[in-house]
Amino acid sequence: MMSASGGGGGSSGTSIVWFRRDLRVEDNPALAAGVRSGSVVAVFVWAPEEEGPYFPGRVSRWWLKQSLSHLDSSLRSLGTKLITKRSADSVSSLIEVVQSTGATQLFFNHLYDPISLVRDHRAKEVLTARGIEVRSFNADLLYEPWEVNDPKGRPFTTFANFWERCLSMPYDPEAPLLPPKRVISGDLSRCSSDTLVFEDETERGSNALLARAWSPGWSNADKALAAFMNGPLIEYSKNRRKADSATTSFLSPHLHFGEVSVRKVFHLVRVKQVMWANEGNKACEESVNLFLKSIGLREYSRYMSFNHPYSHERPLLGHLKYFPWVVDEGYFKAWRQGRTGYPLVDAGMRELWATGWLHDRIRVVVSSFFVKVLQLPWRWGMKYFWDTLLDADLESDTLGWQYISGTLPDGREFDRIDNPQFEGYKFDPNGEYVRRWLPELARLPTEWIHHPWNAPESVLQAAGIELGSNYPLPIVSVDAAKVRLQEALSVMWQHAAASRAAMENGTEEGLGESSESTPVAFPEDVPMEENHEVVRNNLTGLVRRYEDQMVPSITSLVSIEDAETTSGIQNSIGNSRAEVPTNRIVHEEPTREDAAFQTTQRNNALHWNNFITGPLYDAEDSTAESSSTSRRERNGGVVPVWSPSASSFSDQFVTEENGIHTNPPFLPRHPQSHQEINWRRLSQTG
DNA sequence: AGCGCGTTCGT
DNA sequence: CGAACGCGC
């Protein structure tokens with residue numbers, strides 16, 4: 001055996017560095033550990049079926065392809081190359097690579113989405129059992145989720161408190177690591193690469209356009225960061241209102257694939273902020289705070305995903321599961337196609353479809369319209385974002401949609417409806433954005449550009465517009481939406497109260513399974529990508545239709561999908577709403593937020609507990625240690641282990657309040673919230 | 001100037 | 001809903 005030259009306890013030998021969403025050589029702790037401990041086999045495993053319904057969309061796959069080839073050439077210049085494996089099971093592929101290279105160690109960086117939590121835990125268990133030393137690292141966050149806790153050692157449930165704590169932690173985020181000077185390659189003579197196919201013929205044409213606007217890869221990410229810091233960062237706070245100003249950082253796809261380390265971004269931006277503060281430049285300091293807040297939201301999305309691994313499919317506020325979503329695929333289609341009759345919404349949806357990109361403001365507009373005006377189930381919208389966004393990111397998008405939907409403790413009120421007409425004049429005062437993406441409205445004067453339905457007939461004629469023909473009338477009026485939303489909310493509260501009453505009577509085990517508590521399934525026969533009837537063929541050699549994607553390959557998650565498909569909501573009659581159960585009468589005064597939850601949820605939670613045997617991130621990590629001020633050891637040989645019971649605050653919440661010893665996924669609404677008031681008012685009148 | 005208002009905005 | 005702003009006196 002040769003000895004490790006780098007010291008630091010690295011044992012000599014070959015290590016596998018498993019790349020996932022950390023496609024960079026700079027500030028990559030797993031790669032650095034591999035380099036330190038001997039020779040390196042760099043591996044990327046493409047196993048999209050593991051993602052269940054979240055098979056990456058076309059543009060996201062395009063990005064990944066470019067980014068991987070970029071990483072490969074970087075690794076080649078350092079002395080090795082990237083091994084790529086096509087797989088139905090990442091862990092099996094890793095074992096293959098272990099066997100063909102004689103590697104004795106596996107290093108990787110943490111991910112926090114629910115699927116990765118389960119998969120990575122399994123990887124660690126299986127490989128450790130085979131005598132492989134497995135170590136994992138934080139490369140994606142300023143602080144690990146279990147490091148950031150309130151004074152009582154519990155996870156935060158509101159963003160502001162979380163972020164304030166992050167910014168005042170007793171120790172700084174780890175400083176970024178330099179890229180290795182050289183990588184000693186493991187023996188790859190018996191380890192072959194699979195050719196990865198990321199696009200089919202029908203997608204190639206659309207993808208060709210992407211290269212004009214975007215340059216994936218870690219060195220391009222660096223350039224994007226530098227360009228942003230030297231320019232738009234200064235004006236970030238001033239320009240954030242405009243729909244199409246080029247003042248966003250455009251870093252999000254780079255960050256999603258880990259082409260640039262968030263810690264590096266943080267350090268550079270922070271230094272700049274200090275510089276500006278010294279010059280007394282108040283506005284710039286403000287801009288930086290705002291930009292850092294968006295970094296903070298990204299952090300928070302991982303934090304929430306870790307603490308609430310169901311949040312991508314279930315509202316974090318319990319009562320929202322009773323909301324009678326309008327299950328109307330016609331609305332859904334109109335929204336996707338940008339034919340809702342609201343110019344700002346439609347322009348946004350056309351831009352999204354055409355480019356895979358949307359300014360953050362417009363994301364808020366279209367998703368808010370989706371949830372509040374159309375009242376479609378938010379998970380459909382989130383899934384469409386997932387399929388079409390270049391920077392599709394499960395954790396961030398989940399947080400965004402839950403925020404918009406009013407299902408977070410500190411999100412917007414559920415009954416607030418934003419009016420796209422007014423937002424249009426706010427974010428696109430001259431109508432330039434609308435005219436760019438809706439050519440049929442190009443000749444309409446600015447006065448009417450955001451509400452063509454009010455325009456005099458003569459004006460419309462002069463602009464060549466025939467409403468209902470070449471541009472739609474609003475599919476739902478905002479006033480009608482307000483009325484409908486109020487009705488739906490009262491139905492929701494009645495259901496919540498009825499369910500609560502049933503729970504307190506200790507009966508109704510079956511209530512949760514019947515209808516209202518299960519999330520609405522994705523529409524089965526609607527391809528998310530309009531132009532492709534066969535959505536993702538030729539990637540696996542099999543023809544995959546959309547519904548194929550609904551079957552996750554991880555058993556613990558199948559139960560959720562199963563539960564969804566039995567939901568009665570989409571089967572209900574009339575206006576597509578679940579009806580109030582007639583045999584349940586509301587007469588109890590609820591004393592607090594609906595922290596109670598249904599049997600199905602409990603069962604699902606138990607599936608997780610069953611699946612994840614043993615704590616993934618040890619309890620000491622998530623509570624005691626992180627609440628202390630001592631610095632957590634970063635590089636220990638211990639792989640952090642996650643488990644729902646160790647990570648979920650809501651767990652403790654309900655245990656204390658209700659004496660229920662399991663893992664409820666719901667949070668209490670923020671005190672003082674409108675919804676709590678609403679709750680009382682409704683239950684008094686009900 | 002300081003105060004009282006309406007309006008906007010909020011992760 | 002409240003805090004933070006912007007206006008007019």
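Order of the sequence lines fixes the chain letters, A, B, ..., with proteins taken first and strands second; residue numbering starts at 1 for each chain. Side-chain atoms are counted along with the backbone in the values below, which use heavy atoms only and exclude waters and symmetry mates.
Computed from coordinates, the A:Arg361 CZ to B:dC9 P distance equals 8 Å when rounded to whole Å. The interatomic distance linking A:Asp360 (CG) with B:dT11 (C1') rounds to 10 Å, in whole Å. What separates CD of A:Glu413 from P of C:dG2 is a distance of 11 Å, to the nearest Å. Remark: C1' of B:dT11 and CG of A:Leu167 are 14 Å apart, rounded to the nearest angstrom. Spacing between atom CG of A:Asn419 and atom P of B:dT7 amounts to 16 Å, rounded to whole angstrom units. Rounded to a whole Å, the CE atom of A:Met304 is 14 Å from the P atom of B:dT11. Atom CZ in A:Arg412 sits roughly 19 Å away from atom P in C:dA3 (whole-Å rounding). In this entry the distance linking CG of A:Leu290 with P of B:dG10 reads 9 Å, nearest Å.
Distances shown here put a side-chain N or O of A:Lys426 below 4.0 Å from the OP1 or OP2 atom of B:dC9.
For A:Phe427 and A:Tyr433, the ring centers sit 6.0 Å or farther from each other.
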Exercise for the section: Verify ring-ring contact (aromatic ring centres under 6.0 Å, His included) between A:Trp357 and A:Trp214, making sure each step is shown before the conclusion. Expected result: CA-CA 11 Å; A:Trp357 180 259; A:Trp214 296 95; 5.1 Å; yes
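Both tests hold for A:Arg336 against A:Phe332: distance to the six-membered ring centre under 6.0 Å, angle to the ring axis within 45°.
Taking the 5.5 Å centre cut-off and the 30° plane limit, the aromatic side chain of A:Tyr403 is classed as stacked on B:dT11.
Taking the side chain as every heavy atom from C-beta outward, A:Leu352 and A:Phe385 approach each other to under 4.5 Å.
Across all strands, A:Arg416 comes closer than 4.0 Å to base atoms (heavy-atom distances).
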